[in-house]
Amino acid sequence: MEQKQGRRLVLFPLPLQGHINPMLELANILHSRGFYITVIHTNFNSPNPSNYPNFTFHSFPDGLSQTEASTNDIPSLLLHLNTKCVQPFKECLATLISVASEEPYTCLISDGLFHFTQAVADSFKLPRVVLRTAGASSFAVFTAFPLLLEKDYFPIQDSRLEEAVIELPFLKVKDLPTMSTRNPEKFFELLTTMISATKASSGIIWNTFEDLEQPALDLLKKQLCVPLFSIGPFHKYNSAISSGSLLTEDKSSISWLDTQPPKSVVYVSFGSIAATSEAEFLEIAWGLANSEQPFLWVVRPWSVSGAEWLELLPKGFIENLGGRGHIVKWAPQKEVLAHVSVGAFWTHNGWNSTLESICEGVPMICMPCFSDQKVNAVYVSRVWKVGFQLENGKLERGEIEQNIRKLMKAKEGEEIRCRASKLKEKSLSCLKQGGSSYQSLDSLVSHILSLESFSFPAKS
Ligand code: UDP
């Protein structure tokens with residue numbers, strides 16, 4: 001650890017896998033810069049404190065019912081979290097800061113989607129710094145939503161899907177980041193509230209880097225009028241950092257990859273939330289089998305409707321692959337993507353997956369499901385050109401087979417692979433001394449230290 005800063009930071013992650021991972025990675029980065037770390041978390045999807053012996057953890061009862069906690073309706077879950085956590089979070093924070101501490105609490109770093117924390121932090125006169133766990137380009141699209149609403153893009157009409165969104169570069173109507181929810185108007189409300197709470201914060205930390213998202217970062221700097229710190233990719237600061245996985249990582253993923261030829265394997269994972277229908281699941285299975293390419297496929301338990309795990313696969317499916325396919329419930333993804341045998345990532349383009357793939361130079365087949373994933377897929381395929389979208393967005397075995405062959409065997413795939421390896425270099429050089437993320441982290445540390453005057457008093 002560098003010289004101690006003598007300051008304690010309170011971090012509050014949103015309890016979803018794609019948000020917990022970057023928050024804990026950020027905790028590690030700031031700890032290595034000399035800050036003491038306290039993590040407040042909900043009982044729901046609680047991280048494992050024993051993986052982080054250097055941090056102090058405090059949990060509180062979030063009051064979510066079983067139904068609320070297990071819903072696939074993410075906007076509704078976010079609404080519940082932003083309502084039910086207010087009081088217990090406030091009490092937890094009050095208890096923490098009322099106890100005299102060796103190190104004064106300097107600021108709260110909370111997930112951008114926990115918008116209620118801005119008012120709570122204000123009530124304690126504790127500065128709040130926001131962590132945005134998604135990309136800057138998708139955030140810039142969200143900030144354009146009021147304009148898009150005014151221009152009648154919503155609700156999205158099927159007849160306009162292929163139309164360009166003239167207000168936003170690169171996007172077609174079908175790429176607009178919507179989410180299926182019982183409360184569509186609440187989704188817009190959530191975004192508006194999230195953006196205004198972000199604007200009221202003392203700064204925004206991004207898990208991205210300038211070479212990747214400079215135009216969006218420049219735009220947001222002007223729009224938000226808050227200091228921005230693009231210090232990503234977080235997970236590349238320290239290769240030995242602990243896993244924040246909520247599910248057990250199946251290490252057989254790595255021993256199986258060890259038996260495969262270099263750059264031959266298609267790694268398939270759609271993150272921690274996306275689900276498939278029975279028909280889609282079978283098309284994926286046959287597309288992978290017919291591609292004749294080795295594959296490592298993550299199928300989360302209960303992620304296929306009507307099935308606990310693999311029971312919908314035809315009898316003998318796995319045996320007939322002759323060892324060419326390996327299916328696990330959860331993989332050590334970062335390790336998988338860094339493995340020499342992996343040649344492509346068929347992904348839903350969650351921001352973490354997208355960035356993790358970029359950092360290993362692994363080209364992508366994009367199959368975004370909802371929200372920012374759609375924008376990320378546009379940037380991967382049309383802007384950075386390190387992957388392509390599953391043709392016509394069709395989840396059909398013939399299309400899948402063709403797309404895999406295109407990426408693994410065709411000239412087009414070779415060009416994509418070449419661009420991906422150049423982008424990988426940029427993702428790593430920004431962390432080196434003098435690189436953009438390195439400098440931005442220095443600025444973030446100075447910024448946090450400049451908030452000192454708001455610190456709570458140390459014990460007398
Ligand atoms: N992940 C993992 N093992 C898996 C699948 C995913 O460790 O089998 C991790 C992945 O490395 C990433 C996170 O889970 O850090 C998923 O976040 P992302 O933003 O990609 O998608 P989300 O789950 O939020 O849709």
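Both ligands and their constituent atoms are indexed starting at 1 by order of listing.
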Counting only heavy atoms, which portion of [X] has something under 4.0 Å from ligand 1: side chain, backbone, both, or neither?
{"X": "Asn352", "answer": "both"}
{"X": "His19", "answer": "neither"}
{"X": "His348", "answer": "side chain"}
{"X": "Tyr267", "answer": "side chain"}

Proximal atoms of ligand 1 relative to [X] (non-hydrogen, under 4.0 Å):
{"X": "Gly350", "answer": "18 (P), 19 (O), 20 (O), 21 (O)"}
{"X": "Asn21", "answer": "9 (C), 12 (C), 13 (C), 14 (O), 15 (O)"}
{"X": "Trp351", "answer": "19 (O)"}
{"X": "Gly271", "answer": "23 (O)"}
{"X": "Gln17", "answer": "14 (O)"}
{"X": "Ser269", "answer": "5 (C)"}
{"X": "Ala331", "answer": "2 (C), 3 (N), 4 (C), 7 (O), 8 (O)"}
{"X": "Gly18", "answer": "17 (O), 24 (O)"}

Can you report which non-hydrogen protein atom sits closest to [atom], along with the distance?
{"atom": "atom 2 (C) of ligand 1", "result": "Trp330 CZ2, 3.2 Å"}
{"atom": "atom 20 (O) of ligand 1", "result": "Ser353 OG, 2.5 Å"}
{"atom": "atom 12 (C) of ligand 1", "result": "Glu356 OE2, 3.5 Å"}
{"atom": "atom 23 (O) of ligand 1", "result": "Ser272 OG, 2.4 Å"}

Check this for me: does any side-chain nitrogen of one of [X] and [Y] sit under 4.0 Å from a carboxylate oxygen of the other?
{"X": "Glu360", "Y": "Lys334", "value": "no"}
{"X": "Arg382", "Y": "Asp175", "value": "yes"}
{"X": "Glu401", "Y": "Arg405", "value": "yes"}
{"X": "Asp73", "Y": "Arg182", "value": "yes"}

Is the ring centre of Trp346 less than 6.0 Å from the ring centre of Phe295? no
Can we call the ring centroids of Trp297 and Tyr267 under 6.0 Å apart? no
Could you give me the CA-CA distance, side-chain angles and deciding distance for Glu292 and Arg324, then say whether salt bridge (Lys or Arg N to Asp or Glu O under 4.0 Å) is met? CA-CA 8 Å; Glu292 291 178 359; Arg324 196 171 45 76; over 6 Å; no
Do Lys426 and Phe209 form a cation-pi contact, if we require the NZ or CZ to be under 6.0 Å from the six-membered ring centre and within 45 degrees of the ring's axis? no
Give a yes or no answer on whether the side chain of His115 reaches the backbone of Leu191 with a donor-acceptor pair at less than 3.5 Å. no
Please test Ser243 against Glu249 for side chain to side chain donor-acceptor pair (under 3.5 Å), starting from the C-alpha separation and ending with a verdict. CA-CA 9 Å; Ser243 154; Glu249 295 176 347; 2.9 Å; yes
